[in-house]
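Have a look at the structure below, then the notes.
Small disclaimer: the values here were computed from a predicted structure and weren't measured. Residue indices begin at 1 and follow the sequence shown.
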Amino acid sequence: MITRERVEDALLEMGMPIAMFGFDYISDMIVLMSESNGGRISMYFLYCLTAEKYGTTWAAVERSVRYAFNKVRGKEKYRNVVEHYIGTEDKANTASLKMLYRALSVKQKGGAAA
């Protein structure tokens, strides 16, 4: 299982500011994915669970996650790290979350993500 601390370390490594709402939302969503059937869980369901936890709407969670991912993609200094964890081609939240989940899962198993 992927820990919240491991997710937060990866987000900080990408240069994501800890004060962003998206930072907490992404951390919780990756942990929930880890607790589910191998990361196979509806993104809408993840948004709803996260929104309920923080007393907001699923749309606000989606927007905050998108903003947080776009923010780190714009930081040239962290480009290689961002490419490793969330990629730069497909900027959709679903793709970014799944890629981050995969990178953290592979790293936890002791392998190297491609």
Would you sort out whether Y67 and M20 count as a side chain to side chain contact (heavy atoms under 4.5 Å, CB included), showing the intermediate values? CA-CA 9 Å; Y67 180 77; M20 297 181 87; 3.1 Å; yes
Working note: V61 + M29, criterion side chain to side chain contact (heavy atoms under 4.5 Å, CB included); need CA distance, chi angles, decisive distance, verdict. CA-CA 10 Å; V61 171; M29 292 171 81; 4.2 Å; yes
Walk me through whether Y78 and E13 qualify under side chain to side chain donor-acceptor pair (under 3.5 Å). CA-CA 8 Å; Y78 301 101; E13 193 178 338; over 6 Å; no
Kindly determine whether I18 and E8 satisfy side chain to side chain contact (heavy atoms under 4.5 Å, CB included), including the steps that lead there. CA-CA 8 Å; I18 198 167; E8 289 174 349; 5.9 Å; no
Please walk me through it: do I2 and Y101 pass side chain to side chain contact (heavy atoms under 4.5 Å, CB included)? CA-CA 8 Å; I2 299 169; Y101 171 78; 3.7 Å; yes
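Residues T56 and A60 share a closest heavy-atom pair of OG1-CB, 3.3 Å. Contact record, L100 with A10: CD1-CB, 4.3 Å, taken as the closest heavy-atom pair. Heavy-atom minimum distance, G22 versus A68: CA-CB, 4.0 Å. For the residue pair I41 and F45, the shortest heavy atom distance occurs at CD1-CD2, 3.7 Å. H84 approaches M99 most closely through the heavy-atom pair O-CE, 3.9 Å.
Distance CE/M14 to NZ/K77: 15.0 Å, rounded to 0.5 Å. Distance CG/L104 to OG/S34: 9.0 Å, rounded to 0.5 Å. Within the model, atoms OG of S105 and NZ of K98 stand 12.5 Å from one another, a figure rounded to the nearest 0.5 Å. To the nearest 0.5 angstrom, L12 atom CG is 10.5 Å from E5 atom CD. Rounding to the nearest 0.5 angstrom, the gap separating the CZ atom in R73 from the OG1 atom in T88 is 7.5 Å. Note that CD1 of I26 is 7.5 Å distant from CD1 of I86, once rounded to the nearest 0.5 Å.
In this structure the side chain of L97 reaches within 4.5 angstrom of the side chain of F69, judged on heavy atoms. Side chains of R6 and T3 form a contact here, defined as non-hydrogen atoms less than 4.5 Å apart.
Within 6.0 Å of NZ in K75 there are more than 12 heavy atoms belonging to other residues, nucleotides or ligands. Around atom CD of E52, no more than 12 heavy atoms belonging to other residues, nucleotides or ligands sit under 6.0 Å away.
Looking at residues two or more places apart in sequence or on another chain, you find no side-chain hydrogen bond (donor to acceptor under 3.5 Å, both in side chains) involving Y44.
Donor-acceptor pairing under 3.5 Å is lacking for the side chains of R66 and S96.
Listed by first and then second residue, the side chain to side chain donor-acceptor pair (under 3.5 Å) pairs that reach into residues 20-31 are R4-D24, R4-D28, D28-K53, D28-Y54, sequence neighbours excluded.
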